[in-house]
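Beneath this line is the structure, given in structure tokens, with notes to follow.
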Amino acid sequence: MPPHLLTASLDEPGLRRTLSDAGPALTTIYLESETRIVLTALSNFLGPKITLPPVRWLVGRAFGPALEIRWRLDGDQFEATALTESEVGPKGWQESGWNTLLDPAPRPRDVLLLGVNSTALPPDHALYNAQPQGGLWIDTRIPRPLYYPAPDPKARRVVLHCLDYLSRGLVVLTRLCSLASYDE
């Protein structure tokens, strides 16, 4: 099936319900507030034991292998878009005008995320093995550790698998799909 976009305007309970209803199609969430950026497992946002603080998230993307739902806060509503190449999208949403403009096939792309696992740093580095169980990535250009919900917390690097949606051969949207280990 070609790339397919659906749109909706949702309040916060509606957005949470949509993300919950999508179930296993969504695994990971990316959130931005005025002061924070978070990339974590979706379960940390929805519960049952919510570990994220109650923050006014302005922008977000929840994604998995077959579906991405992205949103931005506009007033007191979230303007949401679902991106998929299957029938997995939310029911009752409106068709996007982009659907007729998109090329019939998406193009895969991998994005190598910043940071090297602290377990792979040189032994003389101050943060070498700072978290022996893994899950902590360090990049000297960023003044704080990076945490990715990678399948392997000891992976040297992490890659983000994406699909580019094209219009007349040009990338117009990129759907996030999954995180994976990347060992050089």
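The residues of the chain are indexed from 1 along the displayed sequence.
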How are the rings of Phe78 and Trp71 set relative to one another: parallel (under 30°), tilted (30 to 60°) or perpendicular (over 60°)?
-> perpendicular
Could you tell me whether Arg70 sits above the aromatic face of Tyr30, with NZ or CZ closer than 6.0 angstrom to the six-membered ring centre and within 45 degrees of the axis?
-> no
For Glu79 and Ser9, run side chain to side chain donor-acceptor pair (under 3.5 Å): C-alpha distance rounded to whole Å, both residues' side-chain angles, the deciding distance at 0.1 Å, then the answer.
-> CA-CA 5 Å; Glu79 298 305 319; Ser9 185; 3.0 Å; yes
Could you pull out the closest heavy-atom pair between Asp139 and Gly115, with the gap in Å?
-> OD2-N, 3.6 Å
Closest contact, heavy atoms only, Asn99 versus Pro3 = OD1-O, 4.3 Å
With a 4.5 Å limit on heavy-atom distance, are the side chains of Leu42 and Thr28 in contact?
-> no
More than 12 heavy atoms of other residues, nucleotides or ligands under 6.0 Å from CD of Glu87: is that the case?
-> no
Are side-chain heavy atoms of Leu114 and Tyr148 found at a separation under 4.5 Å?
-> yes
Any donor-acceptor pair under 3.5 Å linking the side chain of Asp11 with the backbone of Gly14?
-> yes
Carboxylate-amine/guanidinium proximity below 4.0 Å for Asp152 and Lys154 = no
Rounded to the nearest 0.5 angstrom, the CG-CG distance for Leu39 and Leu113 is 7.5 Å
Between Leu31 and Gly60, what is the shortest heavy-atom contact and its length?
-> CD2-CA, 4.2 Å
Roughly how far, to the nearest 0.5 Å, is CG of Leu83 from OG1 of Thr174?
-> 9.5 Å
Of all the heavy-atom pairs spanning Gly97 and Thr100, show the shortest one and how long it is.
-> O-OG1, 3.3 Å
For the residue pair Leu112 and Asp110, establish whether any side-chain heavy-atom pair is separated by less than 4.5 Å.
-> no
Could you walk me through whether Arg36 and Glu32 pass the salt bridge (Lys or Arg N to Asp or Glu O under 4.0 Å) check?
-> CA-CA 6 Å; Arg36 298 188 66 182; Glu32 289 181 24; over 6 Å; no
Trp57 and Phe45: side-chain contact (heavy atoms from CB on, under 4.5 Å), yes or no, with the steps?
-> CA-CA 11 Å; Trp57 302 109; Phe45 178 73; 3.9 Å; yes
With side chains defined as the heavy atoms from C-beta onward, is the minimum distance between Leu67 and Leu26 less than 4.5 Å?
-> yes
List the steps and the verdict of side-chain contact (heavy atoms from CB on, under 4.5 Å) for Thr81 and Ser96.
-> CA-CA 8 Å; Thr81 304; Ser96 169; 5.8 Å; no
So which heavy atom on Pro90 is nearest to which on Ile69, and how close?
-> CG-CD1, 4.1 Å
With a 4.5 Å heavy-atom cut-off, do Val38 and Tyr147 have their side chains touching?
-> no
Do Val172 and Leu102 come within less than 4.5 Å of each other through their side chains, counting heavy atoms only?
-> yes
Closest non-hydrogen atoms of Arg175 and Pro65, given as atom of the first, atom of the second and distance, are NH2-O, 3.0 Å
Working for side-chain contact (heavy atoms from CB on, under 4.5 Å), residues Arg156 and Val116 = CA-CA 6 Å; Arg156 178 172 169 77; Val116 174; 3.7 Å; yes
Should Glu85 and Pro106 count as side-chain neighbours, where that means a heavy-atom distance under 4.5 Å?
-> yes
